[in-house]
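So that the names make sense, note that chain A is the first sequence line, chain B the second, and so on, each numbered from 1. Since the structure is predicted, the reported quantities are computational estimates derived from the model, not experimental observations.
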Amino acid sequence: MTVALFAPCFVDQFRASAAIAALRVLERLGVDVEVPSGAACCGQPPANAGFEDEGAPALERFVRTFRRYDTIIVLSGSCALHVRMHAAAFGDDGAGVAARTTEYCTYLHDVIGLDRLSSLGAERNARAAVHIGCHALRGLGLASPSELQEPRYDRVRAVLSTVRGLTFADLDRPDECCGFGGSFSVDEPAVSARMGLDRLADYGKGGAELLVSTDVSCLLHLDGLARRLGVSLPVMHVAELLAGEVSA
Amino acid sequence: MRARDEMLTAVRAAKPAALPRPDLAAVSRFARAENLVAVFAESARLAGASVLLTTRGGVDAFVDSASKPNERRVSMLDVDGVHHDATADDFANTDLFVCEGVIGVAETGAVWLPLSRLRHRAALFLATNVIIVLEQSRIVNNVHDAYAAIDVAEEECGVFVAGPSKTADIEQMLVIGAHGPKALTVLLVEG
Amino acid sequence: MIVDHASAAEKFNANPERVTWHDATLWYAREKRDRAAAEVPEWETLRELASAIKEHTLSHLDEYLVMFERAAIANGAIVHWARNADEHNAIVHGILHSAGARRLVKSKSMLTEECHLNPYLEARGIDVVDTDLGERIVQLRREPPSHIVAPAIHLKREDIAETFVEHLGTEPGVHDPLVLVGAARVHLRERFLAAQAGLTGVNFAIAETGGIVVCTNEGNADLGVAVPPIHIASMGIEKLVPGPAELAVFLRLLARSGTGQRATVYTTHVHRPVRGQHFHIVLVDNGRTTQLGRTDFWRSLKCIRCGACMNTCPVYRRSGGHAYGSTVPGPIGSVLTPGIDLQKYAALPFASTLCGSCTAVCPVKIDLDAQLYRWRQVVTKAGHTGRMKRTLASVGGKLLAHPTLLAGAGRVARVVSRIFPQTLTNRFAGAWTKHREAPEPSPQSFRAWYAANRRGKK
């Protein structure tokens with residue numbers, strides 16, 4: 001059973017601490033995990049911007065790099081969804097990689113389980129606002145989205161419930177998009193920023209002391225907005241909380 | 001005919017591969033309300049209607065109490081069938097219009113009124129105040145049951161009515177009484 | 001004119017209080033929808049059924065059109081076929097002209113908006129009065145609707161009061177909705193009683209029985225066809241459902257999804273003309289067949305125009321309907337209109353974060369976010385994308401495929417500045433930092449950290 005961890009390009013460059021934390025958590029849980037070199041990106045950013053063909057070489061490279069692993073853990077809901085949806089374009093290897101690719105929290109919840117996660121002994125006395133990236137939420141089904149009339153579940157909050165002392169901020173709109181949206185953030189800066197500011201206001205109203213998310217991309221956007229406003233709201237990936245890292 | 005034939009030819013060429021007509025058997029297994037009268041009343045009230053439970057004998061007294069002697073009242077309760085001689089002008093200044101529904105739908109609080117129950121299709125909309133009499137035994141569970149119980153094509157036209165006319169077109173603020181009636185009462189009679 | 005959603009949205013956001021209000025008002029509609037859907041235990045089953053019924057009907061659309069036509073003619077209706085907007089408008093005008101009718105009252109019909117029927121008829125001496133309150137408001141202001149269910153949702157009561165002072169003679173400074181609605185009622189009642197013809201849209205057409213169904217809350221569609229001797233019903237060919245049993249499925253979803261009501265106040269069925277009246281049905285294509293033939297996009301024709309995708313769309317709520325420059329705005333508009341004019345509407349598939357909320361609320365399960373993604377590919381391949389984006393994508397694509405380039409070069413900023421022309425990176429960075437601080441690059445990339453701390457231990 002070989003497990004690979006993939007940290008997308010923007011995590012690698014802008015939030016290496018999240019990837020390091022993710023790796024340490026897996027190692028402490030006894031997972032034999034590798035981080036193969038060879039793939040920097042899954043090709044999602046250009047593809048979502050309408051340049052699927054330009055993104056294809058990156059996805060193909062991703063497939064070639066990860067085809068030998070039984071489980072491919074992606075540290076981003078958005079990237080994991082892209083691989084799951086589009087890797088099958090690259091033959092049997094691609095279809096296999098698509099099927100074996102999972103998002104980080106999903107792996108922790110479904111494969112590791114909450115009991116073993118509790119053994120990490122993570123602790124954080126704080127009230128957290130939880131932001132599940134939209135692709136993680138509605139694309140991968142990490143939690144039940146508010147639109148659907150189905151039994152409620154939330155794998156992210158379940159994972160976070162193993163962090164002692166952590167409470168959750170009550171939000172008016174628990175799963176509204178933060179406004180990042182990849183190229184949308186620079187195509188439509190006014191609406192993108194407004195969406196993010198509205199999320200921050202909701203977190204403020206809920207008394208959030210920190211923001212935790214499945215997706216570093218959303219966090220970079222929200223953190224950039226908060227810092228411009230002069231609002232102090234530490235942002236963390238789920239892995240960083242589990243690893244007990246002190247946030248930046 | 002050229003437009004028709006061209007459109008049909010184009011549709012034939014464009015349409016996706018045939019997909020089966022879904023089996024609607026599932027609708028018979030949908031949730032059923034225990035107390036149809038209570039659920040109907042709740043739905044109709046949500047839609048802005050007043051709902052009263054009474055007996056057949058109580059209808060006249062209620063209708064009398066609902067309009068002043070100098071007001072114009074049109075009642076369809078003692079009339080059979082469509083009267084083509086009626087014109088919209090006959091109803092233009094009606095204060096109260098009274099008619100009897102064919103069935104009611106618990107799920108929505110709507111009542112089915114085909115043309116024959118209205119005398120003129122404008123009657124229901126021109127009157128300021130409307131009273132609909134409905135036998136409690138004629139309430140069905142949901143919209144599926146409603147369409148199974150009526151023949152939509154039996155008459156020229158027919159309408160499901162749930163509550164008085166309303167609009168929320170100004171700032172999404174609900175205002176009762178848009179173009180049609182400003183008040184609607186459903187008298188649920190026993191029997 | 002090419003639609004520039006981003007610029008229009010930026011203008012809309014110049015008034016943050018108005019955005020707050022617009023967002024909250026539409027979100028309220030979404031919340032009402034949630035409560036209405038939660039009441040129905042079989043909600044998700046209904047969505048499945050509705051989707052499957054529409055897909056079945058569209059896959060047999062020619063047969064259902066013929067079935068509908070046959071039944072409608074047998075009912076005494078006069079059925080017309082229009083390949084495009086011009087033919088539709090000419091048919092409507094022809095009916096009015098030959099009857100000598102000059103005063104038309106119209107209930108809400110997005111199809112006639114799409115066909116620009118009003119200016120066509122007005123140019124030919126017909127007095128057209130939109131009778132849905134929201135439609136009447138925007139008609140008096142000479143604006144297009146900004147939402148398909150709530151056409152005047154971009155306006156506040158003060159705006160509407162001003163319009164009514166000018167056109168309806170209401171008192172200046174009076175903007176109580178109750179008073180304004182009352183004034184409109186009196187104003188439109190006169191128009192109804194004087195009308196010589198009434199035109200309605202069609203929510204559903206029943207193939208087996210040849211009837212049409214119109215859903216309204218105000219009662220304006222009924223008044224508009226009950227008084228005058230001519231009823232014209234204009235419908236897109238995708239409005240068909242097989243029979244009354246199928247109709248029931250959609251009626252349970254439509255009002256709940258759109259406004260959170262259990263049903264609209266009036267669900268009106270017209271099968272035959274009443275004595276002395278002429279009942280015309282105009283079947284309109286206007287690009288629908290072309291959309292039907294597109295493998296990736298034909299499912300957009302399942303739309304029942306409930307407006308739920310607009311209410312839930314975080315981008316629509318913060319950019320306003322007019323930013324879309326199309327008859328149908330919001331997510332569904334952004335998958336319908338590029339098929340009509342790709343160059344003009346090239347920006348619309350990008351006016352989304354692909355958050356997928358639209359797909360999840362859609363009562364007929366249109367895969368809206370997936371279709372937006374597919375349209376983006378079509379738009380860029382056709383070359384309707386700015387140079388900045390194209391360069392970023394092609395150079396970026398090469399870069400992203402080669403991790404050694406990234407890893408070897410250290411900080412992204414330095415890599416990017418080496419590969420992209422300075423003007424492009426400045427514009428890109430400018431768009432990011434207009435509202436946000438730039439992210440701080442990590443002191444050491446994860447890749448570098450891993451090489452230093454884990455490589456070789458395995």
Side-chain angles (χ1 to χ4, degrees), chain B residues 3-4 6-8 10-22 24 26 30-31 43 46-47 84 88 92 107-110 115 120-122 124-125 142-144 146-148 152-153 155-173 175 177-180, chain C residues 25 28-29 41-42 45 49 52-53 55-56 58-62 65 81-83 87 133-134 150 152 156-157 160 177-178 180-181 185 188 193 209 211 217-220 222-223 226-227 242 244-245 247-248 251-252 262-263 265-275 285 289 292-293 298:
Chain B
R4 174 190 187 274
E6 261 188 39
M7 279 168 67
L8 286 173
V11 168
R12 228 164 264 138
K15 67 179 179 178
L19 291 158
R21 185 168 178 172
L24 295 182
F30 289 163
S43 298
L46 264 180
H84 289 295
E107 176 192 4
T108 59
L115 182 61
H120 190 286
R121 64 203 288 200
L124 183 68
F125 302 92
N142 60 20
V143 179
H144 307 292
Y147 279 91
V152 281
E155 297 190 27
E156 289 90 332
C157 50
V159 58
F160 277 107
V161 184
S165 78
K166 56 175 74 80
T167 183
D169 273 352
I170 300 176
E171 291 191 4
Q172 289 286 289
M173 285 259 309
V175 177
H179 300 298
Chain C
T25 306
Y28 178 56
E42 57 268 15
T45 307
L49 279 175
I53 292 166
E55 291 188 4
H56 158 74
L58 289 165
S59 76
H60 294 83
L61 188 57
D62 53 329
L65 282 165
W81 299 72
R83 282 167 292 194
E87 287 187 2
L133 178 60
K156 299 200 69 168
R157 65 182 75 182
I160 295 164
L178 204 65
L180 297 174
V181 171
R185 179 184 169 98
L188 287 165
L193 292 173
T209 64
N217 282 321
E218 297 183 6
N220 59 313
D222 296 87
L223 264 177
V227 182
L247 172 66
L251 290 175
R252 297 192 71 195
R262 291 181 180 178
V265 177
Y266 303 108
T267 307
T268 301
H269 306 61
V270 182
H271 276 86
R272 280 180 288 283
V274 296
R275 205 175 66 179
D285 187 326
T289 302
L292 187 63
W298 70 273

Is B:Ala47 close to chain C through its backbone or its side chain, or both, or neither, when contacts mean heavy atoms under 4.5 Å?
neither

Identify which part of B:Ala148 has an atom lying under 4.5 Å from any heavy atom of chain C, answering side chain, backbone, both or neither.
neither

Less than 4.5 Å to any heavy atom of chain C: does that hold for the side chain of B:Ala10, its backbone, both, or neither?
both

Which residue out of B:Val152, B:Leu46, B:Asn142, B:Leu124 racks up the most heavy-atom pairs below 4.5 Å with chain C?
B:Val152

Closest non-hydrogen contact found for C:Ala82 with B:Met7 is O-SD, 3.4 Å

Is B:His144 close to C:Arg252 at the side-chain level, that is, under 4.5 Å between some pair of heavy atoms?
yes

Indicate yes or no: at least one non-hydrogen side-chain atom of B:Cys157 is less than 4.5 angstrom from one of C:Thr268.
no

So which atom in C:Val265 and which in B:Gly163 form the shortest heavy-atom distance, rounded to 0.1 Å?
CG1-O, 3.2 Å

Toward chain B, the part of C:Leu251 with a non-hydrogen atom under 4.5 Å:
side chain

Should B:Ser43 and C:Arg262 count as side-chain neighbours, where that means a heavy-atom distance under 4.5 Å?
yes

Winner by heavy-atom pair count (cut-off under 4.5 Å) against chain B, out of C:Ala263, C:Pro177, C:Ala52:
C:Pro177

In the structure I gave you, are the side-chain heavy atoms of B:Phe125 and C:Glu218 within less than 4.5 Å of one another anywhere?
no

Quick one, B:Met173 with C:Arg157, criterion side chain to side chain contact (heavy atoms under 4.5 Å, CB included). Give me CA distance, side-chain angles, the key distance, then yes/no.
CA-CA 10 Å; B:Met173 285 259 309; C:Arg157 65 182 75 182; 3.9 Å; yes

Quick one: are B:Phe30 and C:Thr45 in side-chain contact, heavy atoms under 4.5 Å?
yes

Hey, does the side chain of C:Arg83 reach the backbone of B:Ala3 with a donor-acceptor pair shorter than 3.5 angstrom?
no

Between B:Ser165, B:Gly177, B:Ala168, B:Ala17, the one whose heavy-atom pairs under 4.5 Å with chain C are most numerous:
B:Ser165

When you compare the side chain of B:Glu171 with that of C:Thr25, does any pair of heavy atoms fall below 4.5 Å?
no

Is it true that B:His179 and C:Tyr266 have ring centroids separated by less than 6.0 Å?
no

Mind checking whether C:Trp81 and B:Leu8 have side chains closer than 4.5 Å, heavy atoms only?
yes

Pick one of side chain, backbone, both or neither for C:Leu133, based on which atoms fall under 4.5 Å of a heavy atom in chain B.
both

Pick from C:Asp285, C:Leu61, C:Thr267, C:Leu193: which one has the most heavy-atom pairs with chain B under 4.5 Å?
C:Thr267

Work out which heavy atom in C:Leu292 is nearest to a heavy atom in B:Pro16; give both atom names and the distance.
CD1-CD, 3.8 Å

Quick check on B:Glu6 against chain C: is it the side chain, the backbone, both or neither that has a heavy atom closer than 4.5 Å?
side chain

Taking all non-hydrogen atoms of both residues into account, name the closest pair between B:Gln172 and C:Ala29 and its distance.
OE1-CB, 4.3 Å

Heavy-atom pair with the smallest gap, counting every atom of C:Ile53 and B:Pro22
N-CG, 3.6 Å

For C:His60, all residues meeting ring pair (Phe, Tyr, Trp, His ring centres under 6.0 Å), sequence neighbours excluded:
C:His56

Got a salt bridge between B:Arg121 and C:Asp222, using NZ or NE/NH1/NH2 to carboxylate O under 4.0 Å?
no

B:Arg21 vs C:Pro242 side-chain heavy atoms within contact, under 4.5 Å:
yes

Which bit of B:Pro20 is near chain C, if near means a heavy-atom gap under 4.5 Å: side chain, backbone, both or neither?
backbone

B:Asp169 and C:Ala152: which non-hydrogen atoms are nearest, and at how many Å?
O-CB, 4.1 Å

Contact leader toward chain B among C:Gly293, C:Ala248, C:Pro244, C:Pro41, where contacts are heavy-atom pairs under 4.5 Å:
C:Ala248

